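Working notes, structure below.
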4 protein chains.
Amino acid sequence: MPVAKSKANGKHETILAAAVRVFAEEGYFRSTVSQIAREAGVADGTIYLYFQNKEDILATFVRQHSLQFFEAFSERVKEAKTAVEKLRLLVNLHFTVAQRDRWKALVYQVEMRRSSRLMRKEIKDALKAYHDVVGQIVEEGQQEGSIRHDVQLGLVKRMIFASVDEVITTWVLAGGKYDLAALADPLVDLFLKGISSGPA
Amino acid sequence: MPVAKSKANGKHETILAAAVRVFAEEGYFRSTVSQIAREAGVADGTIYLYFQNKEDILATFVRQHSLQFFEAFSERVKEAKTAVEKLRLLVNLHFTVAQRDRWKALVYQVEMRRSSRLMRKEIKDALKAYHDVVGQIVEEGQQEGSIRHDVQLGLVKRMIFASVDEVITTWVLAGGKYDLAALADPLVDLFLKGISSGPA
Amino acid sequence: MPVAKSKANGKHETILAAAVRVFAEEGYFRSTVSQIAREAGVADGTIYLYFQNKEDILATFVRQHSLQFFEAFSERVKEAKTAVEKLRLLVNLHFTVAQRDRWKALVYQVEMRRSSRLMRKEIKDALKAYHDVVGQIVEEGQQEGSIRHDVQLGLVKRMIFASVDEVITTWVLAGGKYDLAALADPLVDLFLKGISSGPA
Amino acid sequence: MPVAKSKANGKHETILAAAVRVFAEEGYFRSTVSQIAREAGVADGTIYLYFQNKEDILATFVRQHSLQFFEAFSERVKEAKTAVEKLRLLVNLHFTVAQRDRWKALVYQVEMRRSSRLMRKEIKDALKAYHDVVGQIVEEGQQEGSIRHDVQLGLVKRMIFASVDEVITTWVLAGGKYDLAALADPLVDLFLKGISSGPA
DNA sequence: CATGAATGAGTATTCATTCAT
DNA sequence: CATGAATGAATACTCATTCAT
């Protein structure tokens, strides 16, 4: 069964991978199409056989990376029974994926947000998908009775997303020196119990 | 006692204010030094009498904005007795300031992170200051007994900073349509009590 | 007797015809070899089996179009007895041919002159052939006594060629809205009698 | 009395003159902005302080050259009494101007027609001005009785313009080897008396 | 003969920064 | 202090042409 011709020889992937490496090292704006081509071992013009322009490379990566993440989550979420378990799983997966390929994480966390017009949509889509997942989990938890009803869903989504995102970004920028995945459970505990000592 | 010469005629501030407006409207990278000069009503070259380069304008704004924020906080924190009150005050102030000048907030929240080398330091400094303040509050709360001891301080700092930051950014990008300050208390409640319904 | 291989399956003509359409619509310089290939229904590389390069396509068309024109003239000139009749026939044919296929005329009149090196020769050849024909007619007329002897042949040739050419070009660029052939006789009358009212 | 600042130091003219030389030698399309800059002794970027883009340089030259030509004609036409004298003057001036600066003539005659969109208008304007002048002369001649009434004005205009144009172009492309101005009167004679020997 | 993926040379244009006035 | 004309490095993108299949 033949795959799409333009992807048959994997040049699409080769270029994408090369671009991620270059973006991670140089930053999106300082990266040059020629650099990416060199890193990918192709001619400059070849880039444009597979991507519309420089920004499209980044957008494609973001789209694809998001997709893979949520597919993986969909797959693994079946293991979880309760909403809390699902939340732990989500955060864990996020941290694990980031730890597995720091370059991808760097681009996804930091460089993605630098571009513009075209990117805005990709970022929005990715964020929305994340928010939706969190939202479902929270609502499920409320039905189960494990999560309070007197919370503003919008705030909860933002708190969880932003915190996870920030912890990863910090780890990435610190050079990936420590064990990121180990922070998943403590962070989820914070989400669940808060920092207050009393019964509030 | 004479003020610094470069600030004597207020041209420094004029340029800074103009730059913030331009950055907010065009985005840092698409902004042009000429645009800023025109907006400020000075010649292009004049910019370089008051700032080292384009990036320095942004860095100066960030530095100054941070400074003002923490000065204001230092002033107002005296009103607060407990750590929890201080936390509420911090978040409230952050939201209020953002709401007061959305353009500044836009640049501070969004554009600041787009630049590089030079900015890295400014961002770090600003973050560190914020983290320090949060850290002090949390430790104070722990001594008071109002905040649990079994939390990782680093995670708490990041959670609080990232969540506040994200809520503001969302508000800014949404065009400042709703009342931001009203979200301060609910958000702090989330920090304190978490989302879990049980006694944990 | 086999025909030239490259013309056996008519692909040569197919490409040529496609090119003329593309050149006419886009202009020579904005036209792309890929566009021509697509219009002709062949692969990009196939073009180069039948033509040396982009310019050669245009040159070939010009050469061929000129040839056909002068063959047609040679054929029809037999009908004419006097030099004046031949001149009328030449101009008439030129106008009629242009009117029959405006796209070809557009390329021949306008685009032909845009290319360079290689084209210079083709244009020269085409012009020379035209000049030769006019020259023969004029000389014949001088022998017949119908055309003055005190004219500079070079100027006469240029006047006739340029005027016919210009009238066609104007018609082409105007979108072929009016009847071009009807202008042949009035134009020849101008050549013959001039604009002066007196007996000169 | 100060001239417009941007033209005060003649850089506008310097660049224009340099461009004409480069266009004449290399042809418009093969000419490079860098070449023009070098020839003018300025930096590449300086070109864009005085012209919008490459094509604007050519357009400016054409506009200016046309203007100068018609101003000169307006001035000198006062010397002429009859329509025929005016016609001789027009053709003479055209030939003389071309002979005076062959480079300008080369660009005006040959390169001008190569560009596109923007140029279309300039060419049209220049042609129209020429046609108008010829048209006025012919009509004046008809009123005087020196020019026949049974001619199509449109054809006469085209014949005269095209013939003059072609004779100049031939001279230019031949390298300006012979005396162009000497051809003015014989050519006008052709226009007036035609080539026919009989009393028509 | 035919294909079309790959090539890579070639270029207009922008804009942060400088410096003579 | 202020100006703004001049600089020139830096870069994404196109497209005619080739050649392995």
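Reminder, nothing fancy here: chain letters follow the sequence lines and each chain counts from 1. Remember, it's a predicted structure, so these values are computed and weren't measured experimentally.
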Whole angstrom is fine here: how far is it from CD in B/Q35 over to P in E/dT17?
-> 15 Å
Would you mind telling me which residue lines up with the more 5' stretch of DNA chain E, D/Q52 or A/I47, judged by nearest nucleotide?
-> A/I47
Between CZ of B/R38 and P of E/dA16 the distance, given in whole Å, is 12 Å
5' priority, DNA chain F, between D/V42 and C/S31 [closest heavy atom] = D/V42
Starting at atom CD of B/E26, determine the distance to atom P of E/dC15, rounded to an integer number of angstrom.
-> 10 Å
Quick one: does C/L49's side chain get under 4.5 Å of C/V42's, heavy atoms only?
-> no
Least distance between heavy atoms, B/V172 atom then B/R102 atom = O-NH1, 3.1 Å
Expressed in angstrom and rounded to an integer, what is the separation of D/D44 atom CG from F/dG8 atom P?
-> 9 Å
C/I36 CD1 to F/dC15 C1': how many Å, rounded?
-> 12 Å
Residues in contact with DNA chain E, drawn from residues 14-22 of chain B - heavy-atom cutoff 4.0 Å = none
Dot-bracket line, read 5' to 3' along DNA chain F, where crossing pairs take [ ] and | marks a partner on another strand, Watson-Crick or G-U under 3.5 Å | .||||||||||||||||||||
Just how far, in rounded Å, is C1' of F/dA6 from NZ of D/K11?
-> 7 Å
Of all the heavy-atom pairs spanning B/L106 and B/A24, show the shortest one and how long it is.
-> CD2-O, 3.4 Å
Could you pull out the closest heavy-atom pair between D/D56 and D/Q52, with the gap in Å?
-> OD2-N, 3.0 Å
Other residues, nucleotides, ligands: >12 heavy atoms within 6.0 Å of D/E25 CD = yes
Specify the residue among B/Y48 and D/T32 whose closest nucleotide of DNA chain E lies further upstream toward the 5′ end.
-> D/T32
Any side-chain heavy atom of B/I15 within less than 4.5 Å of one from B/I36?
-> yes
Length of the line joining A/F29:CZ and E/dC15:C1', which is rounded to integer Å | 15 Å
Considering only E/dT13, E/dT7, F/dT17, which nucleotide approaches the side chain of A/L49 most closely?
-> E/dT7
Closest approach of B/E122 to B/A59 (non-hydrogen atoms, all atoms of both residues) | CG-CB, 3.7 Å
Which word best sums up how the rings of A/Y108 and A/H65 line up, parallel for under 30°, tilted for 30 to 60°, or perpendicular for over 60°?
-> tilted
State which of F/dT3, F/dA2, E/dA2 makes the closest approach to the side chain of B/A43.
-> F/dT3
Between E/dA2, F/dT14, F/dT3, spot the one nearest the side chain of C/Y50, thanks.
-> E/dA2
Tell me, please, whether A/F23 has A/K54 positioned over its six-membered ring: NZ or CZ under 6.0 Å from the ring centre and within 45 degrees of its axis?
-> no
F/dC15 phosphate, OP1 or OP2: any side-chain N/O from C/S34 under 4.0 angstrom?
-> no
If the plane angle is over 60° it's perpendicular, under 30° parallel, otherwise tilted; pick one for D/Y50 and D/H12.
-> perpendicular
Send over the distance from C/K54 NZ to F/dT18 P, rounded to a whole Å.
-> 15 Å
